[in-house]
Amino acid sequence: MTFTPHGRHLIAGGWIAGEATFDSSPAEGPSHAFSAGTPALVARACAAAEAAFPAFAATSRAARAAFLDAIAEEIEARAEAITGIGTQETGLPAARLEGERGRTIGQLRLFASHIRDGAYLDRRHDPALPDRQPLPRPDLRMMQRPIGPVAVFGASNFPLAFSTAGGDTAAALAAGCPVVVKGHSAHPGTGKIVAEAIRAAVGRTGMPAGVFGLIQGGDRRVGEALVTDPRIRAVGFTGSLAGGRALFDLCAARPEPIPFFGELGSVNPMFVLPGALAARPAALGQGWAGSLTMGAGQFCTNPGIAAVPAGADGDAFVEATAAALRAVPAQTMLTDGIAQAYRAGKDRFDSRNAVRPVHVTDSAGRTASPNLYEIGAEAFLADHTLGEEVFGPLGLVVRTGSEADMIGLAQGLQGQLTATLQMEDADLPLARALLPILETRAGRVLANGFPTGVEVADAMVHGGPYPASTNFGATSVGTLSIRRFLRPVCYQNLPAALLPEDLR
Ligand code: NAP
């Protein structure tokens with residue numbers, strides 16, 4: 001009898017099994033064997049994507065919008081199965097996955113309406129000036145065109161919204177680019193069901209079969225083969241600094257380098273200004289603890305560092321944070337590796353003399369419990385490793401002695417996804433001094449809130465200077481993210497009959 005693995009690869013519209021398999025490691029429920037990816041399978045998916053590109057790029061915006069809407073419907077039709085296997089594989093609660101499914105469907109529909117509207121094409125026209133002296137001007141028309149097949153690395157922490165049919169895939173398909181997804185080995189079954197939804201939408205809307213492919217993981221060579229395949233024109237990635245940097249370097253070293261849009265790591269500093277601290281120390285501490293531990297701290301926008309003035313109000317903030325964290329039990333992490341990485345990150349804090357433990361816990365296996373530490377501003381700035389992301393519910397309070405300390409802290413930051421100001425009107429002068437610095441450090445600056453929620457919207461920026469992302473001109477959330485997969489083309493003096501329909 002032939003063995004059929006639980007999950008296979010989707011190539012040119014067909015489900016393909018390779019020789020090797022890997023076993024999933026679900027947080028609960030049975031483990032299953034999945035077909036492991038190989039460089040040869042990656043090459044087949046890339047060839048299918050390349051073959052699909054001309055026809056897909058030539059589809060009308062209305063047709064692609066209908067395709068995106070159909071994917072949303074097909075995902076919704078598989079809601080129960082997705083939540084069932086998703087909770088087992090990731091350990092995330094059903095309510096979280098249901099919310100994330102709503103977000104995923106919302107993103108697909110948002111991109112459908114975004115391309116129907118057409119403003120993203122950024123069409124420009126400089127009419128001919130035949131009588132201009134000393135030289136006539138030609139007729140110039142410009143618009144954005146799709147770049148070609150895009151590789152997407154699904155993220156472990158958003159198995160739906162940043163994975164198989166997540167934001168990167170939605171943006172690339174909306175632009176007219178075929179997609180090859182490298183499935184995350186932490187949720188291969190979830191990825192397979194979502195891929196099946198996309199396959200059904202391809203069939204319903206008559207899109208070319210190679211427009212979407214999924215290669216399951218289980219072998220590090222899969223990612224390397226994907227980013228170095230000459231048919232791939234850009235990469236969307238969310239994950240670790242080490243993994244992202246390795247893949248970024250491979251992209252840059254290709255004979256024809258391509259852009260790597262990686263979202264890697266951020267500690268999302270929060271500046272608690274003196275007026276806000278005096279007005280509401282306990283509420284701010286409780287709010288921070290909630291944001292820090294949401295989803296076991298496994299959010300790229302997790303606010304890991306709080307800059308807080310020294311003194312009694314600051315002490316009250318720290319105590320309120322610690323009290324709220326003491327009430328949070330150990331939570332299941334997405335993978336064993338992520339739980340181990342969390343403990344390794346915590347060890348870094350435990351081993352530093354300048355770091356004072358406030359609330360320190362031990363966790364075992366695939367769980368993590370909250371930890372809180374405190375340090376002075378000068379000591380923090382002297383040890384750059386304390387400013388690196390610890391993925392999980394770990395917080396560091398940096399105590400500042402003066403406004404100059406806070407400004408120095410902002411200046412010492414690496415690139416961030418977000419920076420937060422907790423402030424009252426009385427804090428405006430200090431906030432005005434901080435803002436020009438924070439703008440150069442973060443993709444999103446927010447006031448009087450917590451950065452964990454990322455709105456999928458036109459004005460959202462989810463990106464920032466390195467290492468928050470590898471490409472500070474881009475965002476991986478919101479409609480602006482489509483720009484990553486477009487390239488401007490200028491059409492000079494082309495007869496109307498030859499111009500793309502969108503420019504006529
Ligand atoms: P990861 O280890 O970077 O893996 C992400 C994806 O890239 C996976 O598909 C992985 O393949 C692939 N990959 C990683 N390194 C590679 C390499 N050198 N060559 C080829 N492929 C490679 O991230 P993760 O597993 O999702 O989580 C691990 C850590 O990433 C966390 O502890 C956290 O620090 C960080 N993380 C950050 C964010 C964020 O939003 N900034 C989100 C999630 C995770 P395999 O599946 O085959 O390993």
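Since the structure is predicted, the reported quantities are computational estimates derived from the model, not experimental observations. Counting starts at 1 for both ligands and their atoms, in listed order.
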Distance-only donor-acceptor hits, side chain of residues 351-360, under 3.5 Å, sequence neighbours excluded:
{"from": "S351", "atom 1": "OG", "to": "D347", "atom 2": "O", "distance (Å)": "3.3"}
{"from": "S351", "atom 1": "OG", "to": "R348", "atom 2": "O", "distance (Å)": "2.9"}
{"from": "R352", "atom 1": "NE", "to": "D383", "atom 2": "OD2", "distance (Å)": "2.7"}
{"from": "R352", "atom 1": "NH1", "to": "R348", "atom 2": "O", "distance (Å)": "3.3"}
{"from": "R352", "atom 1": "NH2", "to": "T385", "atom 2": "OG1", "distance (Å)": "2.9"}
{"from": "R356", "atom 1": "NE", "to": "E374", "atom 2": "OE1", "distance (Å)": "2.8"}
{"from": "R356", "atom 1": "NH2", "to": "E374", "atom 2": "OE1", "distance (Å)": "2.7"}

Without placing hydrogens or testing angles, list every side-chain donor-acceptor pair under 3.5 Å for residues 448-461, not counting sequence neighbours.
{"from": "N448", "atom 1": "OD1", "to": "R280", "atom 2": "NH2", "distance (Å)": "3.2"}
{"from": "N448", "atom 1": "OD1", "to": "M423", "atom 2": "N", "distance (Å)": "2.8"}
{"from": "N448", "atom 1": "ND2", "to": "M423", "atom 2": "O", "distance (Å)": "3.0"}
{"from": "T452", "atom 1": "OG1", "to": "S291", "atom 2": "OG", "distance (Å)": "2.3"}
{"from": "D458", "atom 1": "OD1", "to": "T479", "atom 2": "OG1", "distance (Å)": "2.7"}

Only pairs under 3.5 Å count here: list side-chain donor-acceptor contacts from residues 187-194, not counting sequence neighbours, and write none if there are none.
{"from": "H187", "atom 1": "NE2", "to": "S163", "atom 2": "OG", "distance (Å)": "2.8"}
{"from": "T190", "atom 1": "OG1", "to": "E89", "atom 2": "OE1", "distance (Å)": "2.7"}
{"from": "K192", "atom 1": "NZ", "to": "H6", "atom 2": "O", "distance (Å)": "3.3"}

* Structure fact -> Counting only non-hydrogen atoms and a 4.0 Å cut-off, the residues near ligand 1 are F153, S156, N157, K182, H184, S185, R220, E224, F237, T238, G239, S240, G243, A246, L247, E263, L264, C300, I338, A341, E389, F391
* Salt bridge between R101 and E76, side-chain N to carboxylate O under 4.0 Å? -> yes
* Chi angles and distances behind the side-chain contact (heavy atoms from CB on, under 4.5 Å) call for L284, V272 -> CA-CA 8 Å; L284 284 170; V272 185; 3.8 Å; yes
* Give me the ring orientation class for F162 and H462: parallel if the planes are under 30° apart, tilted from 30 to 60°, perpendicular past 60°. => tilted
